[in-house]
Amino acid sequence: MRTALRIAALVAILAALIVAPQYLRNYGIYLLSLWSLFAIAAMGLNLTLGYAGQMSLAQAAFLGIGAYAVALLVKAGVPFWVGVPLATLVAFAVGLLLGFPALRVQHHYLAFATLGFNVLVYLAIRNEDWLTGGSMGIGQVMGFAGMPRPSIFGYSLRRGIDFYYLCLAMLCLSTLLVWLLLRSPWGRAFAALRDNPVRAESLAIDIRAYTLLAFAIGAGLAGFAGAFYAPLVQLFDPSPFGLLESLSLLLMVVVGGSGRFWGPHIGAALVLLLPHWLQALLPAWLGPPDQWYLFVFGIAVLVLLTWCPGGLLAIPDRLRARAQ
Amino acid sequence: MFADLAQLTISGLATGAIYALAAMGFTLLWQTSSTINFAQGEFVMVPAFIMLGFLGIGMPLIFAFALTLAASALIFGVGFKRAVVDPMIRHGVLPLAIAAMALSLALQQGVKLVFGAEARSVPDILPDGVTRIVGVAVSYRDVGVLVISFVLILGLQLFLARTLTGRAMQASAQNPDGARVLGINVDRMILYTFLANAALASIAALLVTPIYLAKFDLGGPLGLKAFCAAIIGGFNQMHGALAGGLLIGVIENLTGAYFAPQYKDAAALVLFVIVILFKPEGLFGRREERRV
């Protein structure tokens, strides 16, 4: 019965996401596309952090690696649909490399190591103008139109609404893949790694391999999202791939509920969509929410965490525990 | 050639001493209450703006600083401990660290909201001017920063090692249960470390902002370098934080001058990654065991 209810809710939400663009203007459709892609990247981080217990503050860097990789590949004449798996692979490989420090250090050390990595990637993108266009943006090396939107089976996805459906399809695909991964023995091994690495090792789980994989798969998903982020925004510079964005991605995961399957979807919606809904709902004298939203959000996360560290999706459990 | 190198080293040491101040506070909080203060950089940035606020209403610098010190002890000492650390610590190290990240986001954005995004100049307490010692130009400011930092750090070391309260603080850090048995008010000792951290951060703000200007995003790189300094020196050793800070300051300066100015900020990170890969306990730290 509960499963049936869940499936019904899922179908309803998906249906709403499919019909929503009919009632939205271009900017609303753009926001929904953005949400789809950030949900994919946050899902990757949820795998690394929530399921495998490996702290990472570099998710935005992988988003950037994916975006720049696909843009530069397309510029070099590689077809977009070949560029996407290649960009994902690049992010996966770099994530694997970033996993090596995780074999030596844990928790907060790892948080700062990955944070440092994010700063390095950001500096490299900003400073190597000849390759990336530097702080002037990708338009410097790709021309004023930036990254072109792809077509699929000869059907152009240039229009915002068509590209949104592509992003949504990719979100569904990623969600399905992550679900399958988590139900596989690999997924169980990730959770074992998080809950008690020493015991996991004693049960013959190769914690080295799984730690590296947790990073690589999480990074690969962000790279995959980045590969679609590039044609979504078309013109971009290094700024969306900095520390603040990595922190936002982390808070998306934590707010939704780290280690909860739907946490990233909810967290991404709260961070990306809520300020715009608020703009419509709140009186104008408060000013545009994008000025104060992150401040309020930071405080709200702080309050939520002190009260219920498991995130929003853990609140029902917590209320139930209190009722008993 | 030599003169340049010496000059760069001295100004690097001065910057490094400021990193060391922030790093010491970091280490203190970690030792006594397992708090990884991700908002450490903001603990430096916000006092700078509080001080600007007091200066703005026409207060002389010294009073403005004294009031800032008090305000920051209240907010980042008592307030931070009671409102964030105490409720979060039972959930573990990582949730607390994430809460501190949320706090750092809120502080950054809050300051941006109130004071705007542009950088502001802060008056300097240290004298301007340069003297020459055997052909090396040494600025009074660098010497002043070094002297103040060393006096503070030495004073803190002496306080921790020689006074009863200091020893009780150390005991609370090393073995809280044992300290309680001996009748030490552990919670109070932990509060003292939070106050010390807030004071160190405010003084770091006083020393760093006249050069680097006060801006809402000042805390990010500063906190990062403070943490790198703490790790490089060894997270469980106070003098390690000092050594780490000085090392980062110098290497950063030399990288900027001789290698690539645009990668100056990366120097600390590269050093940090090398240290954690080959000597994760830090240059002066003790190894900690893994528990099941």
Side-chain angles (χ1 to χ4, degrees), chain A residues 49 53 55 57 98 100-101 103-113 115-120 122-124 126-128 134 196-199 201-202 242-244 246-248 250-251 253-255 258 287 291-310, chain B residues 30 34-39 83-88 90-114 217 220-221 223-224 227-228 230-231 235 260-266 268-273 276-281 290-292:
Chain A
L49 171 77
M55 190 73 180
L57 270 171
L98 184 64
F100 278 97
L103 298 176
R104 300 296 304 256
V105 294
Q106 277 288 312
H107 304 314
H108 43 285
Y109 285 80
L110 194 54
F112 275 100
L115 194 155
F117 169 78
N118 202 134
V119 173
L120 287 179
Y122 179 83
L123 282 176
R126 203 192 62 192
N127 291 333
E128 304 305 320
N196 194 329
V198 178
R199 198 173 288 161
E201 197 172 18
S202 74
L243 273 184
L244 186 64
S246 277
L247 189 57
S248 292
L250 180 86
L251 292 183
V253 172
V254 172
V255 166
S258 148
Q291 281 180 14
W292 49 260
Y293 181 72
L294 278 179
F295 169 66
V296 176
F297 179 72
I299 303 258
V301 173
L302 206 55
V303 172
L304 173 72
L305 284 180
T306 45
W307 180 64
C308 185
Chain B
W30 166 247
S34 314
T35 305
I36 305 298
N37 186 13
F38 264 89
V84 180
V85 176
D86 286 347
M88 283 306 290
R90 63 198 159 91
H91 300 308
V93 173
L94 212 51
L96 177 55
I98 293 173
M101 287 178 210
L103 178 68
S104 103
L105 181 72
L107 289 174
Q108 246 183 59
Q109 298 295 320
V111 166
K112 190 178 167 193
L113 196 64
V114 177
D217 61 358
L224 183 60
F227 181 83
C228 288
I231 296 287
F235 217 8
Q262 68 271 35
Y263 284 108
K264 193 179 167 192
D265 282 342
L269 299 168
V270 173
L271 193 64
F272 166 70
V273 169
I276 59 167
L277 282 180
F278 295 104
K279 205 167 182 307
E281 70 275 15
R290 199 162 74 138
R291 281 193 212 125
V292 182

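Quick note on labels: first sequence line is chain A, next is B, and so on, each numbered from 1. Computation of the quantities below employed the complete heavy-atom set of this structure, encompassing side-chain atoms and omitting hydrogens, waters and symmetry-equivalent molecules.
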Worksheet item: Taking C-beta and beyond as the side chain, do B/M101 and A/L57 meet within less than 4.5 Å on heavy atoms?
Response: yes

Sequence neighbours excluded, the answer for side-chain hydrogen bond (donor to acceptor under 3.5 Å, both in side chains) partners of B/Y263 is A/E128

Those residues at least two apart in sequence (or on a different chain) that pass side-chain hydrogen bond (donor to acceptor under 3.5 Å, both in side chains) with B/D265 are B/K225

What distance separates [X] [atom1] from [Y] [atom2], expressed to the nearest 0.5 Å?
X: A/L49; Y: B/I98; atom1: CG; atom2: CD1; result: 5.5 Å
X: B/L269; Y: A/F112; atom1: CG; atom2: CZ; result: 10.5 Å
X: A/L244; Y: B/Q108; atom1: CG; atom2: CD; result: 6.5 Å

Answer key: most heavy-atom pairs under 4.5 Å with chain B among A/S248, A/S202, A/S258, A/A124 is A/A124

If we define contacts as heavy-atom pairs under 4.5 Å, which of A/N127, A/V254, A/V119, A/L305 has the most with chain B?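 Counting heavy-atom pairs under 4.5 Å, the top option is A/N127.
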
Does any backbone or side-chain atom of [X] lie under 4.5 Å from a heavy atom of chain A? Answer side chain, backbone, both or neither.
X: B/V93; value: side chain
X: B/L103; value: both
X: B/A97; value: neither
X: B/L113; value: side chain
X: B/A83; value: backbone

Is [X] close to chain B through its backbone or its side chain, or both, or neither, when contacts mean heavy atoms under 4.5 Å?
X: A/I299; answer: both
X: A/F297; answer: side chain
X: A/L304; answer: neither
X: A/L247; answer: side chain
X: A/A300; answer: neither

Locate the shortest heavy-atom distance separating [X] from [Y]; write the atom from each residue and the value.
X: B/Q262; Y: A/R126; value: O-NH2, 4.4 Å
X: B/L105; Y: A/G298; value: CD2-CA, 4.2 Å
X: A/A111; Y: B/F38; value: CB-CZ, 3.6 Å
X: A/T306; Y: B/H91; value: O-NE2, 4.1 Å
X: A/L302; Y: B/A99; value: CD1-O, 3.0 Å

Hey, which of [options] has the most heavy atom pairs under 4.5 Å with chain A?
options: B/L107, B/V111, B/I231; answer: B/I231
options: B/G110, B/P87, B/G220; answer: B/G110
options: B/A268, B/P95, B/A106, B/P221; answer: B/A106

